[in-house]
2 protein chains.
Amino acid sequence: MDGAAIVAWNLRRLRVPRGLSQEALAVDAGLDRSYIGRLERAVENPTVQTLDKLAATLSVRLIDLVMEPGAMRNAFIPMLK
Amino acid sequence: MDGAAIVAWNLRRLRVPRGLSQEALAVDAGLDRSYIGRLERAVENPTVQTLDKLAATLSVRLIDLVMEPGAMRNAFIPMLK
DNA sequence: TTGTGACTTACAGTCCGTC
DNA sequence: TGACGGACTGTAAGTCACA
């Protein structure tokens with residue numbers, strides 16, 4: 001699983017539960033609607049600057065966009081410790 | 001601290017202790033020496049594909065390159081548990 | 001061993017669409 | 001609402017010479 005695929009997976013994981021459409025996310029992040037779609041299909045190779053914008057818009061940290069599926073298992077969750 | 005600065009910081013943090021020069025890392029990752037230097041000075045805005053190459057070369061995960069200074073505090077370090 | 005400027009080529013990202 | 005395409009522009013990728 002390469003970086004683009006990981007980002008794609010996280011983008012969907014974070015966007016959908018927030019009830020945001022691709023277009024709404026695009027507008028909020030100052031990006032293009034069709035570009036967001038391509039990111040989620042893992043056909044684009046974003047820069048860290050783009051990831052920064054998306055992380056800020058989704059109110060998450062940069063690392064939350066490059067976290068691999070399954071990594072949640074080892075996540076540090078205070079209330080569980 | 002933006003994404004480029006975070007990557008720059010992590011690159012130095014991971015490269016130096018391994019006793020690698022910028023040039024050695026560049027060769028191993030299939031990148032140019034001067035480009036590595038610019039990444040470490042945060043004057044470049046790398047794509048995830050570039051980060052992928054570097055992570056593979058350094059034998060770390062993608063998230064280890066976008067981890068913020070201070071986040072090590074919460075890192076999962078088995079020998080400390 | 002690294003920083004830096006100059007340069008060309010490849011592609012990130014935009015904007016217009018259709019289905 | 002999202003998948004997908006074409007044409008375009010800005011900038012990252014990649015190389016080299018020199019301090």
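Any value given below was found using the heavy atoms of this structure, including those in side chains, with hydrogens, waters and symmetry copies removed. In what follows, chains are A, B, ... by sequence order, proteins preceding strands, each numbered from 1.
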Open item on the list: Looking at every non-hydrogen atom in both residues, tell me the closest pair between A/L25 and A/R15 and how far apart they are.
Closed with: CD2-CD, 3.8 Å

Task: Atom-to-atom span, CG of B/L31 to P of D/dA12 - whole angstrom - done: 15 Å

- [ ] Using whole Å, report how far CG of A/D32 lies from P of D/dG10.
- [x] 15 Å

TODO: May I ask you to verify whether the side chain of A/R33 and the base of C/dG13 hold a donor-acceptor pair under 3.5 Å?
DONE: no

- [ ] Taking only the side-chain heavy atoms of B/R38 (C-beta and beyond), determine which of C/dT2, C/dA6, C/dA12 contains the nearest atom.
- [x] C/dA6

TODO: Calculate the interatomic distance between B/E44 atom CD and C/dT2 atom P; express it in whole Å.
DONE: 17 Å

Task: Check: A/N10 side chain, A/V7 main-chain N or O, donor-acceptor pair, under 3.5 Å - done: no

TODO: Report the residue from B/R33, B/R38, B/E40 that forms a side-chain contact (heavy atoms from CB on, under 4.5 Å) with B/I36.
DONE: B/E40

Task: Per A/T50 side chain, nearest of listed nucleotides D/dA3, D/dG2, C/dG13 - done: C/dG13

TODO: Mind checking A/G30 for me? I need base, sugar-phosphate or nothing, with any heavy atom below 4.0 Å counting as a touch.
DONE: sugar-phosphate

Open item on the list: Measure CZ/B/R12 against P/C/dT2 and give the value in whole Å, please.
Closed with: 8 Å

Open item on the list: I need the minimum non-hydrogen distance between A/K53 and A/G30, along with the two atoms involved.
Closed with: NZ-O, 4.5 Å

Open item on the list: Using only modelled atom types and a 3.5 angstrom limit, is any donor from either the side chain of B/S34 or the base of D/dC16 paired with an acceptor on the other?
Closed with: yes

Task: Euclidean distance, atom CD of residue B/Q49 to atom C1' of C/dA12 [Å, nearest integer] - done: 11 Å

TODO: Would you kindly give the CZ-to-P distance between A/R41 and D/dG5, to the nearest whole Å?
DONE: 8 Å

- [ ] Would you indicate, yes or no, if C/dT2 has its OP1 or OP2 atom less than 4.0 angstrom from a side-chain nitrogen or oxygen of B/R15?
- [x] yes

Task: A/N45 side chain to B/T47 side chain, donor-acceptor N/O pair below 3.5 angstrom - done: yes

Task: Complementary nucleotide for D/dT1 - Watson-Crick or wobble, under 3.5 Å - done: none

Task: Euclidean distance, atom CG of residue A/L39 to atom C1' of D/dG2 [Å, nearest integer] - done: 14 Å

TODO: Among the candidates C/dA12, D/dA12, D/dC16, find the nucleotide nearest to the side-chain atoms of A/Y35.
DONE: C/dA12

Open item on the list: Strictly below 4.0 Å: does B/K53 bring a side-chain N or O up to OP1 or OP2 of D/dG14?
Closed with: yes

Task: Protein-nucleotide distance (B/E23, atom CD; D/dC16, atom C1'), rounded to Å - done: 13 Å

Task: B/T47 (side chain) and C/dC11 (base): donor-acceptor pair under 3.5 Å - done: no

